[in-house]
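For reference, the structure discussed in these notes is given below.
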Amino acid sequence: MGNLLGNERKVPELIKQKMPRFLIMSFLPLFFLLFMVAVVSGQDEPISPEEYQSQIGAGFSTNWFKSRARKPMEKFSEKNIKDIREKGFSNLRIRCDAELYSSKGFLDSLTTVVDSCLKYNVIPIISWIHHRAEAYATKKAQDAYVSWWIAVARQLKDKDYRLSFNLFTELGIDTCSEGETEKVKIEKSCKNSLRRNTDKYNEWTKNVTKEIRALGGKNAKRILILASPVKTAKGLDKIDPEIYERDPYMMAEWHLYASGPIKTPGSQKYWSGDGTGKFGGRENVKKAINDAVEFTNKTGMRTYLGAWMPHDNIKGSLKEAEVIKFALFFVKELRKANIPWSMNVLDNYYDTRECKWRRGHQVVAGQKLNMAKILNNIRKVMP
């Protein structure tokens, strides 16, 4: 099935080579009907990380279960998925805020989204978010984390192997609240956070992978995507090899430009112009990707970039031409390394409520950008 999906674009040429022209028109409708039945029926055989890496391709992160909404499914339509696939994108990272979404209603809604993805052959990658749990990293938080994944994995245990579980969305720089005044929330860095305590991260990951694998259905051989303990690829080697050495169905996620490149000299996310200036924007990109490539060469574990933006989403420091130049260079470099990706975020390019791709200019962090133009440039060079 994996080969059939991978050769989707070669089918018409294959028919021409093997069949007389006068028969082609007679058999094409039947052939494509059978092909679509095969696609909809799903992936019944386990997928290797190497094959899965190629199937993920290019896609988006989503906000259906990330933002605080009374009825998040009001912003979802199956047409969202259909439109995404028709645009040439092949994955969605379904980010789920466990602090907001953990009820039975959530599981039913999540199942609806997953089923729609599988119907249109869009790879659904479910990821967990709970910033407070990551920051404090208490035993109670760990138990809740494992319980959340058990509930999700049990709900979806019989879904085909194109569905994967990304165990953490991001282990960023955590802060813990020390108290509040009327106007100011005082925070400090969390000494107990998963990011600062890799042993805790590995304990959480070992426990949750063990529980998911034991749930039956297709979960024993489903792709599980681990997270870099410090977000970027340079932290991948902090993952305890005991977690993945004897499990052939694991990958690792990392990212750097989740809120886009910036114009701060000396930053690892610096970019200006076409990236060839004094502070080495292109070299930053190559270094970030090379860390992931070296990890794969060393361990054999394949990686996936789960979040990036082409624009500066915080200060809007990059002009549209610079955004496009960064995007083109970044995507080309990822493609050279065979690393698939999900871009932050679908809503920047597509109105999920109205089921329409956005057109014209938008103002993002004070910068006027034509997001449709940016996306079209990305599509020209993406896998």
Side-chain angles (χ1 to χ4, degrees), residues 1-12 14-15 27-59 62 78 80-82 84-86 88-94 96 107-127 149-167 208-226 244 246-253 300-304 338 340 342 383:
M1 182 64 192
N3 291 335
L4 177 59
L5 291 173
N7 293 325
E8 178 179 347
R9 296 176 181 175
K10 300 179 182 178
V11 168
L14 183 63
I15 293 174
F27 282 92
L28 270 177
L30 176 60
F31 178 85
F32 281 106
L33 175 62
L34 293 174
F35 174 74
M36 289 308 299
V37 169
V39 170
V40 174
S41 68
Q43 177 78 47
D44 289 330
E45 296 297 324
I47 308 173
S48 70
E50 181 178 7
E51 183 181 0
Y52 198 68
Q53 196 179 41
S54 67
Q55 289 189 17
I56 294 173
T62 68
E78 186 173 290
N80 297 166
I81 312 301
K82 182 174 182 290
I84 290 163
R85 185 59 188 173
E86 288 180 349
F89 295 94
S90 53
N91 80 73
L92 286 176
R93 193 184 193 205
I94 307 169
C96 302
L107 292 175
D108 291 339
S109 297
L110 181 62
T111 302
T112 296
V113 175
V114 168
D115 285 343
S116 295
C117 287
L118 296 176
K119 177 179 177 179
Y120 290 100
N121 195 30
V122 171
I123 299 292
I125 303 169
I126 297 174
S127 70
W149 271 117
I150 288 175
V152 169
R154 180 181 288 126
Q155 173 83 4
L156 302 170
K157 65 184 179 69
D158 295 318
K159 301 301 178 184
D160 77 55
Y161 289 107
R162 287 172 294 170
L163 167 68
S164 64
F165 300 145
N166 183 188
L167 303 181
V208 78
T209 54
K210 179 181 178 181
E211 293 293 340
I212 292 172
R213 290 297 190 221
L215 286 172
K218 292 183 170 61
N219 288 330
K221 296 182 178 181
R222 186 178 305 286
I223 294 290
L224 301 183
I225 303 178
L226 313 181
Y244 58 82
R246 298 182 181 179
D247 191 322
Y249 298 104
M250 286 188 176
M251 294 176 61
E253 186 276 334
M301 176 172 268
R302 303 277 173 161
T303 73
Y304 149 70
N338 295 316
S342 299

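Smallest separation of non-hydrogen atoms from M251 and Y304: CE-CB, 4.1 Å. Closest approach of L156 to F165, counting heavy atoms only: CD1-CE2, 4.3 Å. Here the closest heavy-atom approach between residue G217 and residue D158 is recorded as CA-OD1, 3.6 Å. Scanning all heavy atoms of the two residues, the minimum distance from L167 to W149 falls at O-NE1, 3.3 Å. Annotation for V114 and P124: closest pair CG1-CG, 4.2 Å, computed over non-hydrogen atoms. Minimum heavy-atom separation, C117 to L92: SG-CD1, 4.0 Å.
Taken to the nearest 0.5 Å, the CD atom of E51 stands 11.0 Å off from the CD1 atom of I56. Separating the CG atom in L163 from the CD1 atom in I126 is a distance of 5.0 Å, to the nearest 0.5 Å. Rounded to the nearest 0.5 angstrom, D247 CG and L224 CG are separated by 6.5 Å.
For the pair N338/S54, no side-chain contact is recorded, criterion being any heavy-atom separation below 4.5 Å from C-beta on. With contacts defined as side-chain heavy-atom distances shorter than 4.5 Å, the pair K119/I81 does not qualify. Contact of the I123 side chain with the Y52 side chain is registered, since non-hydrogen atoms from C-beta on lie closer than 4.5 Å. Contact annotation: the side chain of C96 approaches that of L110 to within less than 4.5 Å [non-hydrogen atoms, C-beta and beyond].
R154 pairs by the salt bridge (Lys or Arg N to Asp or Glu O under 4.0 Å) definition with nothing, not counting sequence neighbours. For K218, the salt bridge (Lys or Arg N to Asp or Glu O under 4.0 Å) test picks out no residue, with sequence neighbours left out.
Ion pair E78/K82 not flagged as a salt bridge, since none of the NZ, NE, NH1 or NH2 atoms sits closer than 4.0 Å to an Asp/Glu carboxylate oxygen.
A donor-acceptor pair under 3.5 Å links the side-chain atoms of N166 to the main chain of I225, judged by distance alone. Panel note: side chain R93, backbone G59; no donor-acceptor pair is recorded below 3.5 Å. In this structure a side-chain-to-backbone donor-acceptor pair under 3.5 Å is missing from T303 to E253. Checked by atom type and distance alone, the side chain of N219 pairs as donor or acceptor with a backbone atom of A153 at under 3.5 Å. Distance alone, capped at 3.5 Å, places no donor-acceptor pair between the R222 side chain and the R213 backbone.
A donor-acceptor pair shorter than 3.5 Å can be found between the side chains of R162 and N121.
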>> Could you go through I223 and I125, starting from their C-alpha distance and side-chain angles, then the distance that decides it, and tell me whether this counts as side chain to side chain contact (heavy atoms under 4.5 Å, CB included)?
In response: CA-CA 10 Å; I223 294 290; I125 303 169; over 6 Å; no

